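The next block holds one structure in the form of structure tokens; read it before the comments.
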Amino acid sequence: MGRLTEAEAAGGGASAARSAGTPPAPLPLTFTSPGCAATMASSEEDGTNGGASEAGEEREATGKRRRLGLLATTWLILYNIAMTAGWMVLGIAMVRFYMEKGTHKGLYRSIQKTLKFFQTFALLEIVHCLIGIVPTSVLVAGVQVSSRIFMVWLVTHSIKPIQNEESVVLFLVAWTVTEITRYSFYTFSLLNHLPYFIKWARYNFFIILYPVGVVGELLTIHAALPYVKKTGMFSIRLPNKYNVSFDYYYFLLITMASYIPLFPQLYFHMLRQRRKVLLGEVIVEKDD
Ligand SMILES: CCCCCCCCCCCCC[C@@H](O)CC(=O)SCCNC(=O)CCNC(=O)[C@H](O)C(C)(C)COP(=O)(O)OP(=O)(O)OC[C@H]1O[C@@H](n2cnc3c(N)ncnc32)[C@H](O)[C@@H]1OP(=O)(O)O
């Protein structure tokens, strides 16, 4: 499978696709698409003409909202507002804590309830995708959300001795800035009043924040390893009546290793989204 840039799609690429008997890919993928894309890679097919005039974009957005339905749009607006507010509260609490105490020690403890609530609430993103009210790939959303839930509940919440690690602050800051930007981007987009700065921030901040967040997460899991090994927490040893064994220590090692194939997929997905939205590049799959 090859890919066409916008210029190719407009000219030779599109005609090549036509002459091959393949109709050009429908652009853009709308909210009425049947559910979510099935694979991470397939999410790149949803080309959008980012180079269209503002009026065209607005018409397109309005059309999209109409097709999405009032109920789903209203729900998404409320959801995104709530999430923006939640992550803002978290961000302000972190800044206040640091200004008052002058240390990061105790910071996680002070914000953990808000963090757990809003990060767990983000499970709805997988639901949104499954029921087809957002066009994100269910795999992309699933990997993103489940890795966060794992970090919050099965690592940071469960392993108290690591809660004061600097690496926890690293991923908390990366997550918080990202989510305030991301949810406000969705909110303003749904309201058809998207300031350019928010759009720019949504598709540029991640370039630094994604690796920073991943480093924070990996260092935190790494810091947890000695404790997990010593205590044998969440592990099941043989012999037992079910004849099964599970070692959380090795599970953590495997999880760390799984970042190697999975993180680049998410990162490149975001780079493709960036090219599409900021640079107006249309990526069209063509048959070889
Ligand atoms: C059980 C053990 C599990 C262990 C797993 C281990 C896996 C390890 C690998 C994972 C590493 C992850 C690390 C991560 O946690 C670190 C960080 O997050 S650090 C901070 C930086 N992070 C980021 O920048 C995150 C970037 N990620 C995202 O933005 C999303 O999660 C992602 C799902 C990747 C976004 O993808 P999406 O395809 O949705 O992109 P867009 O935002 O451009 O949206 C596409 C279209 O969908 C519409 N949309 C999406 N969501 C909404 C919504 N809530 N409301 C309204 N509309 C929505 C959006 O408007 C776009 O529409 P259109 O194309 O029509 O304009």
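Everything numeric here is computed off the predicted structure, so don't read it as measured data. Throughout, residue positions are numbered sequentially from 1 according to the sequence presented. Read the numbers this way: they start at 1 and go in the same order the structure lists the ligands and their atoms.
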May I ask you to list the atoms of ligand 1 that are less than 4.0 angstrom from any heavy atom of [X]?
{"X": "Arg202", "answer": "28 (C), 29 (O), 35 (C), 40 (O), 41 (P), 42 (O)"}
{"X": "Gly213", "answer": "19 (S)"}
{"X": "Val214", "answer": "13 (C)"}
{"X": "Tyr203", "answer": "41 (P), 42 (O), 43 (O)"}
{"X": "Gln144", "answer": "14 (C), 15 (O), 18 (O), 25 (C), 27 (N), 31 (O)"}
{"X": "Trp175", "answer": "15 (O), 17 (C), 19 (S)"}
{"X": "Lys276", "answer": "64 (O)"}
{"X": "Leu262", "answer": "7 (C), 9 (C)"}

Revision key, fill the gap. What one should report as the nearest heavy-atom pair of Ala93 and Ile111 is CB-CG2, 3.7 Å

Point to revise | Distance-only N or O hit between ligand 1 and Glu217, under 3.5 Å | key: yes

Exercise for review: Answer yes or no: does an N/O atom from Thr136 fall short of 3.5 Å to an N/O atom of ligand 1?
Suggested key: yes

Revision key, fill the gap. Taken to the nearest 0.5 Å, the spacing of Thr136 OG1 from Leu130 CG works out to 11.5 Å

Once you restrict to heavy atoms under 4.0 Å, what part of [X] touches ligand 1? Side chain, backbone, both or neither.
{"X": "Tyr186", "value": "side chain"}
{"X": "His269", "value": "side chain"}
{"X": "Ile149", "value": "neither"}
{"X": "Arg182", "value": "side chain"}

Measuring only between side-chain heavy atoms, which start at C-beta, is [X] closer than 4.5 Å to [Y]?
{"X": "Pro195", "Y": "Phe188", "result": "yes"}
{"X": "Phe206", "Y": "Thr181", "result": "no"}
{"X": "Trp175", "Y": "Glu217", "result": "yes"}
{"X": "Arg148", "Y": "Glu179", "result": "yes"}

Practice item. Determine yes or no for a side-chain-to-main-chain donor-acceptor pair under 3.5 angstrom, with Tyr248 supplying the side chain and Ile236 the backbone. Key: no

Practice item. Using atom types as modelled and distance alone, determine if a side-chain donor or acceptor of Thr84 lies under 3.5 Å from a backbone N or O of Ala82. Key: no

Identify which of [options] has a heavy atom lying nearest to [atom].
{"atom": "atom 12 (C) of ligand 1", "options": "Pro261, Ser147, Gly216", "value": "Ser147"}
{"atom": "atom 18 (O) of ligand 1", "options": "Arg274, Gln273, Arg148, Met256", "value": "Arg148"}
{"atom": "atom 52 (C) of ligand 1", "options": "Ile207, Val134, Asn80", "value": "Val134"}
{"atom": "atom 10 (C) of ligand 1", "options": "Leu266, Leu194, Leu76", "value": "Leu266"}
{"atom": "atom 26 (C) of ligand 1", "options": "Tyr183, Phe206, Tyr210, Phe205", "value": "Tyr210"}

Exercise for review: Keeping to residues at least two apart or across chains, list the side-chain hydrogen bond (donor to acceptor under 3.5 Å, both in side chains) pairs with something in residues 152-165.
Suggested key: Lys116-His157, Thr120-Trp153

Practice item. Give every residue pair that meets the side-chain hydrogen bond (donor to acceptor under 3.5 Å, both in side chains) criterion with at least one member in residues 90-104, sequence neighbours excluded. Key: none

Exercise for review: Return yes when Pro135 approaches ligand 1 closer than 4.0 angstrom through a heavy atom, no otherwise.
Suggested key: yes

Review point. Which is it for Tyr79 and Tyr186 under the ring-ring contact (aromatic ring centres under 6.0 Å, His included) test, yes or no, and what are the steps along the way?
Key: CA-CA 10 Å; Tyr79 172 79; Tyr186 295 144; 8.9 Å; no

Review point. Mind checking whether Tyr203 and Phe185 have parallel, tilted or perpendicular rings, split at 30° and 60°?
Key: perpendicular

